[in-house]
There are 2 protein chains.
Amino acid sequence: MTRWLDDDEQRTWRDFLAATQLVHEALDRQLQRDAGMPHTYYMILVALSESPERRMRMSELARRAQCSQSRLSHAVARLEERGWARREPCPQDRRGNIAVLTEQGFDALAAAAPGHVEEVRRSLFDVLTPEQLRALSEICGAVRNTLEG
Amino acid sequence: MTRWLDDDEQRTWRDFLAATQLVHEALDRQLQRDAGMPHTYYMILVALSESPERRMRMSELARRAQCSQSRLSHAVARLEERGWARREPCPQDRRGNIAVLTEQGFDALAAAAPGHVEEVRRSLFDVLTPEQLRALSEICGAVRNTLEG
DNA sequence: GCAGTTTAGTTGAACTCTCATATACTTTGG
DNA sequence: CCAAAGTATATGAGAGTTCAACTAAACTGC
């Protein structure tokens with residue numbers, strides 16, 4: 001009954017696993033080494049920094065930063081300890097919390113960004129041809145549309 | 001100085017992050033739910049099962065299963081607790097250890113495999129056209145060749 | 001209005017991962 | 001040979017992640 005993978009599919013799958021893991025590891029190592037933060041924190045800071053007034057409801061932030069609510073809740077607690085974010089109650093909905101990026105948090109992000117972008121280029125963009133990048137974009141969009149619903 | 005990402009690159013990058021994370025999460029959730037193991041353990045069991053006599057030196061196993069030696073060491077310790085693997089000293093090199101897949105470990109892998117393959121198809125192969133799969137294979141191969149050296 | 005349900009968010013425990021360090025064995029160079 | 005350097009692996013602490021509760025507030029329908 002099981003539709004096993006044939007040899008080609010096996011190879012594709014293992015290359016996919018290896019490649020994506022290598023990219024994620026490269027990112028994480030670079031950020032941890034040069035900016036002292038894991039990639040999750042970086043995504044959260046980016047999401048906040050792009051929001052008007054650099055503030056966002058926790059659940060919205062979880063969606064934007066692509067992490068579970070629990071993960072976000074723990075992460076923001078750590079960001080608060082570092083003085084990079086703070087939480088305020090939401091006036092409209094008293095269940096809610098609003099995460100706010102502090103000046104220091106913004107500065108930490110600004111300091112981390114150039115090295116991070118360099119690593120993104122090194123580990124992905126510089127490796128691929130323009131055509132491959134177009135294909136990758138399309139592929140990832142398709143995966144995203146299917147799995148995200 | 002920093003070569004920032006333009007809008008297209010930004011979109012590609014974010015789609016890449018989202019898509020790869022979605023696939024990895026889907027895998028991990030399925031394996032954890034249906035087989036009670038994280039994806040790392042699955043990779044280790046697979047690597048062992050494909051080796052002659054289902055045994056392998058720790059460092060070789062780390063390469064095949066694409067994980068750090070430390071991670072492997074901890075993981076195999078857990079696998080031993082479950083009775084899925086055991087370690088034997090290496091006769092040729094007394095520093096070395098050989099991880100051996102037990103019958104129970106093989107059975108656990110055999111039980112987990114069908115559901116896992118289904119999930120792999122659902123979350124990647126069924127989403128893409130044959131052409132996209134060829135492109136993805138090429139892309140991942142290129143990334144792997146560049147970052148793996 | 002008020003029982004029942006959904007939504008927002010937090011929390012603690014269990015587990016995995018990483019990093020730095022430690023241990024034991026092997027190889028190498030003089 | 002033997003000290004020095006290198007290799008194979010283990011280990012412990014610290015940090016992040018997940019899962020399953022749990023609290024609290026907001027809807028929903030009768």
Side-chain angles (χ1 to χ4, degrees), chain A residues 21-22 24-45 48 55-82 84-100, chain B residues 21-22 24-45 48 55-82 84-100:
Chain A
Q21 192 174 322
L22 284 165
H24 281 276
E25 277 172 9
L27 287 178
D28 246 338
R29 252 200 316 276
Q30 183 277 327
L31 274 174
Q32 195 67 59
R33 175 169 39 80
D34 298 343
M37 68 177 101
H39 188 236
T40 302
Y41 292 12
Y42 188 86
M43 302 250 288
I44 293 169
L45 296 183
L48 280 176
R55 57 176 54 235
M56 210 182 293
R57 280 289 290 272
M58 290 295 280
S59 37
E60 173 67 6
L61 183 53
R63 259 193 306 283
R64 299 278 184 122
Q66 293 159 212
C67 68
S68 70
Q69 292 215 108
S70 174
R71 188 160 152 186
L72 178 66
S73 189
H74 285 295
V76 172
R78 300 296 161 277
L79 294 179
E80 269 188 306
E81 287 169 8
R82 299 184 184 199
W84 290 358
R86 65 172 185 280
R87 272 181 279 206
E88 296 178 358
C90 177
Q92 287 81 36
D93 183 342
R94 276 185 301 177
R95 292 168 304 180
N97 251 346
I98 298 178
V100 185
Chain B
Q21 191 174 324
L22 284 165
H24 281 276
E25 277 173 8
L27 288 177
D28 246 338
R29 250 200 317 276
Q30 184 277 326
L31 275 174
Q32 195 67 59
R33 174 168 41 81
D34 298 343
M37 67 177 100
H39 189 235
T40 302
Y41 292 12
Y42 187 86
M43 302 248 289
I44 294 169
L45 296 182
L48 280 176
R55 57 177 53 235
M56 213 183 292
R57 279 290 290 273
M58 289 295 281
S59 38
E60 172 68 5
L61 183 53
R63 259 194 307 284
R64 299 278 185 124
Q66 293 159 212
C67 67
S68 71
Q69 295 213 101
S70 175
R71 187 160 152 186
L72 179 66
S73 188
H74 285 295
V76 172
R78 299 298 161 278
L79 294 178
E80 269 187 308
E81 288 169 8
R82 300 185 183 196
W84 290 358
R86 65 173 184 279
R87 273 181 277 206
E88 295 178 359
C90 177
Q92 285 82 36
D93 183 342
R94 276 185 302 177
R95 293 167 301 181
N97 252 345
I98 299 178
V100 185

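Residue numbers start from 1 in every chain, and the chains themselves are labelled A, B, ... in the order their sequence lines are given, proteins ahead of strands. These figures come from a predicted structure and were not determined experimentally. Values below: all heavy atoms of this structure, side chains included; hydrogens, waters and symmetry mates excluded.
Counting any heavy atom pair closer than 4.0 Å across all strands shown, S70(A) reaches a base atom. Looking at heavy-atom distances under 4.0 Å, S73(A) makes contact with a base. Across all strands, R33(B) comes closer than 4.0 Å to no nucleic acid atom at all (heavy-atom distances).
The separation between D28(B) atom CG and dC15(C) atom C1' is 12 Å, rounded to whole Å. Rounding to whole angstrom units, CD of residue E81(A) and C1' of dA15(D) are separated by 11 Å. When rounded to the nearest whole Å, the span between CZ of R78(B) and P of dA14(C) equals 14 Å. For the pair L31(B) CG and dT16(C) C1', the interatomic distance rounds to 15 Å; values are reported in whole Å. Taking atom CE of M58(A) as the reference point, atom C1' of dT23(D) lies 16 Å away to the nearest angstrom. Atom CE in M43(B) sits roughly 11 Å away from atom P in dC17(C) (whole-Å rounding). Put simply, CD1 on I98(A) is 14 Å from P on dA8(C), counting in whole angstrom units. The distance from atom CG of L27(B) to atom P of dT18(D) is 14 Å, rounded to the nearest whole Å.
Looking at P38(A) and Q32(A), their side chains come closer than 4.5 Å, going by heavy atoms from C-beta outward. Inter-residue side-chain proximity for V100(A) and R87(A) is flagged as unmet; no heavy-atom pair is nearer than 4.5 Å. By the 4.5 Å heavy-atom criterion applied to side chains, M43(A) and Q66(A) are counted as neighbours.
Ranked by how close their nearest DNA chain C nucleotide is to the 5' end, R82(B) and R29(A) are led by R82(B). Each of Y41(A) and R94(A) was assigned the nucleotide of DNA chain D with the nearest heavy atom; the assignment lying further toward the 5' end belongs to Y41(A). The residue among E25(A) and G96(A) whose nearest nucleotide of DNA chain C lies closer to the 5′ end is G96(A).
Distance from the side chain of Q69(A) is smallest to dT10(C) among dT9(D), dT10(C), dT16(C). The side chain of H74(B) lies closest to dC19(C) when the candidates are dC19(C), dA8(D), dC19(D). Of the candidate nucleotides dT26(C), dT9(D), dT16(C), dT26(C) has the atom nearest to the side chain of D93(B).
Counting atom types as modelled, S68(B) pairs no side-chain N or O with a base atom of dC17(C) as donor and acceptor under 3.5 Å. The base of dT17(D) does not come close enough to the side chain of R71(A) for any donor and acceptor atom to sit less than 3.5 Å apart. Side chain R95(B) to base dT9(D): no donor-acceptor pair is found below 3.5 Å.
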> Under the side chain to side chain donor-acceptor pair (under 3.5 Å) criterion, do D34(B) and Q30(B) qualify, and how do the steps go?
Replying inline: CA-CA 6 Å; D34(B) 298 343; Q30(B) 184 277 326; 3.1 Å; yes

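In this model, the phosphate group of dA8(D) is not approached by any side-chain N or O of N97(B) to a distance below 4.0 Å at OP1 or OP2. Phosphate proximity of dT17(D) to T40(A): present, with a side-chain N or O under 4.0 Å from OP1 or OP2.
Between E88(A) and R86(A) there is a salt bridge, since a side-chain N of the basic residue sits under 4.0 Å from a carboxylate O of the acidic one.
Looking at I44(B), L79(B), L48(B), V76(B) one by one, the single match for side-chain contact (heavy atoms from CB on, under 4.5 Å) with W84(B) turns out to be L79(B).
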